[in-house]
Amino acid sequence: MAQVSLTFPDGSKRDYDAGVTAAEVAASISKSLGKKAISAQVDGAHYDLQWPITADASIAINTMADDAPALELIRHDLAHIMARAVQEIWPDVKVTIGPVIKDGWYYDFDRTEPFTPEDLGAIEKKMKEIINKRDAVRTEVWDRDVAVKYYQDRGEPYKVELIESIPGDEPLRMYWHGDWQDLCRGPHLQHTGQVPGDSFKLMSVAGAYWRGDSDRAMLQRIYGVAFKNKEDLRKHLNMLEEAAKRDHRKLGREMDLFHMQEEAPGQIFWHPNGWKIYTTLQDYMRRQQEKGGYVEVNTPQVVDRKLWEKSGHWEKYQENMFIVEVDEEHAREKAINALKPMNCPCHVEIFKVGLKSYRDLPLRMAEFGSCARYEPSGALHGIMRVRGFTQDDAHIFATEDQIASECQKFIDFLSEIYRDLGFEKFDILFSDRPETRAGSDEVWDKAETSLLEATRAAGIEPTLNPGEGAFYGPKLEFSLTDAIGRVWQCGTFQVDFVLPERLDATYIGQDGAKHRPVMLHRACLGSFERFIGILIEEHAGKLPFWLAPRQVVVASITSEADDYVHEVVETLVKAGVRAEADTRNEKINYKVREHSLGKVPVILAVGHREVEERTVSVRRLGQKQTSMATLDEIVSELSVAAKAPDLL
RNA sequence: GCUGCUGUAGCUCAGUGGUAGAGCACUCCCUUGGUAAGGGAGAGGUCGACAGUUCAAUCCUGUCCAGCAGCACCA
């Protein structure tokens, strides 16, 4: 019999008969390891204990102590156990796929009746029964024809389609959890009892398209979370509760930052507090851009379709645009306009006025551009995904050989801004050509290559995000994560050879001839709206002092201190601090509670003692202890704290 | 946009086929209180919109609108 040589993590090697399973290998090492083994890494691949090993390889036996494989197996087995439970309760439900995801798994079903929350309870109960049965998990490799016939006979069309889409040279693997069978590439545990029955929870049911295609059937997806033990599950559920408290929609209401209403879906009514954050951030960005060599412009909101036709938006982007038709009787001329969904065409129009020389490049043209996009209703989300928003947008008109240095410059620029705003870490994705796009393949080749090279030259190896580029060019995406773990694209850097061509932008080169500039689209915050949403969630509403809309409340303890309260407020306001008085007829406890809930970073309480000594009692948000300070001390401290980081 | 759920006072929510309730917030009064809710009184709702069924609809049915979760979308 042929032999295979297996290398263990400690470097030792042992020979086994070819076709040996990881289960047998584990048992050969020690009885206890044989019992504890749950899977193996064979040449780095996650192997089921039952799979035969047919070639020399490195091997490491996994036990429940190994987090990553253990969690993967638990979650994957739970996906199967859940599908089995569902089919045991409702035999006519059709099964599809059920992968492991972050913190858990999901499984998509086709069933006419919707699953209800009560159903989830019933499924969970049935799953626990299955776990308690400790049914053996068994696997076999099947012939394609046999598998197709099996699922055709069982009336499982989704499985048939899945098999047909699996490349012909890949073996088809079947798994049984007890008598219940599913097509699955594995690996799995050895019996259902290995899954901890008290550490999972079915979370929700929602629609999901078959194969992620909105033209195909809508299935019902049940989500579950699972961990190795009860304590981890408890921690996870607790984390979700904490995350819900940071939700910017909730905090936006509690801090009186903004509201939204039916008459203007996806658009924001900024209240004074929220608008203060917005303008503070905008002032900061304006200063940074001036330092960064940008010029600021402003362009029209309502623009004739003719320009959008030229730019390509009318063709590629129309369904996302607000179209404005002017009533003929009142119009001087018949016109169809659109609210601008992007600023780029208008910036090109500014560039085109007058002759531009190569000496003018790179020309960095910035606008806090208000855009309107008709986003699908289901995409709207608080102030993070809206229909009316303002980008910190800029377009850099440059020569091709300036792309790399501008890319480098931008990454430095953005990094400093993110650091100032408290984001040390962010994800960078490289998105290449989408299916719907403008421009030839040659142009795309050039754009993708130059952007990727420029990024690498800046010392960054971005994660590839295939097919997600803008319709006019590839992009780098700088993403931040919200409280609930959703990732949002904020910053972006895009190379565009298409729009300058379509709108015929030129500059006069050193040779005296006309040349086509390349256009670099870029944004740091992305949109003020989204970025503020992220800021709120990142800080759980407790914004850094300089960004806090209400920085200081001076609260009287007795009404006899009211005059002094107003004096303190006035002094602080003069020193550039956002301070307000609270001389209401309420106890100090009440005021402290209210302003703490309102996330005011500093509460200054004053009573008889402070009036006499010309001091204040300082209470900082999140701290129970108070301290005393003289009026001069607190004013000089807070006036510094109120400055934006770039002004320090 | 799709699937499911939801829509009652500013907020959080209860409730009923006979046109509605709580707590907090709000207004007024009492209280001048030392660091996360002092006491009392009062005001406040076309029960998301429009149709239909019914003697009678906030409640049942339908359509629409908006929100929530997920999917799809996301320049």
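Every chain is numbered from 1 and lettered A, B, ... according to where its sequence line falls, protein lines coming before strand lines. Only a predicted model underlies this, so the values are computations on that prediction, with no experimental measurement involved. Values below: all heavy atoms of this structure, side chains included; hydrogens, waters and symmetry mates excluded.
- Partner of A:Phe413 under the ring-ring contact (aromatic ring centres under 6.0 Å, His included) criterion, out of A:Phe493, A:Tyr294, A:Tyr418: A:Tyr294 alone.
- Counting non-hydrogen atoms under 4.0 angstrom, A:Tyr590 reaches the backbone sugars and phosphates but no base.
- Heavy atoms of A:His595 sit nowhere under 4.0 angstrom from any nucleic acid atom.
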Test log, rule side-chain hydrogen bond (donor to acceptor under 3.5 Å, both in side chains), inputs A:Ser431 and A:Asn465: CA-CA 5 Å; A:Ser431 300; A:Asn465 191 21; 3.1 Å; yes

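- The interatomic distance linking A:Met384 (CE) with B:rC74 (C1') rounds to 14 Å, in whole Å.
- Nucleic acid contact for A:Pro341: base, since at least one base atom lies under 4.0 Å from a heavy atom of the residue.
- Among the heavy atoms of the strands, none lies under 4.0 Å from A:Gly473.
- Residue-to-nucleotide proximity on RNA chain B shows that, of A:Arg221 and A:Thr112, the 5′-proximal contact is made by A:Thr112.
- Taking 3.5 Å as the limit, the base of B:rU35 and the side chain of A:Thr626 contain no donor-acceptor pair of atoms between them.
- The base of B:rA36 sits with one of its N or O atoms less than 3.5 Å from a complementary donor or acceptor on the side chain of A:Arg619.
- Looking at heavy-atom distances under 4.0 Å, A:Lys316 makes no contact with the nucleic acid at all.
- Close to B:rA36, at under 4.0 Å from its OP1 or OP2, lies no side-chain N or O of A:Arg620.
- Place A:Glu610 and A:Glu477 on RNA chain B by their nearest nucleotides, and A:Glu610 ends up nearer the 5' end.
- Remark: the A:Tyr374 side chain and the B:rG1 base include no donor-acceptor N/O pair separated by less than 3.5 Å.
- Within 4.0 Å (heavy atoms only), A:Phe115 reaches no atom of the nucleic acid at all.
- If you check every strand for non-hydrogen atoms under 4.0 Å, A:Tyr223 touches sugar and phosphate atoms only.
- Counting atom types as modelled, A:Arg216 pairs no side-chain N or O with a base atom of B:rC71 as donor and acceptor under 3.5 Å.
- None of A:Ile403, A:Val498, A:Ile396 except one satisfies the side-chain contact (heavy atoms from CB on, under 4.5 Å) rule with A:Val518; the exception is A:Ile403.
- With A:Tyr374 as the aromatic partner, A:Arg387 meets the cation-pi criteria of under 6.0 angstrom to the ring centre and within 45 degrees of the ring axis.
- A:Asp213 comes within 4.0 angstrom of no nucleic acid atom, judged by non-hydrogen atoms across all strands.
- Base engagement by A:Leu597 is indicated by at least one non-hydrogen atom pair under 4.0 Å involving a base atom.
- At the heavy-atom level, A:Lys624 lies under 4.0 Å from the strands shown only through sugar-phosphate atoms.
- Residue A:Pro376 is classed as a base contact, given a heavy-atom separation below 4.0 Å to a base.
- Applying the 6.0 Å contact sphere to CD of A:Glu319 captures no more than 12 heavy atoms from other residues, nucleotides or ligands.
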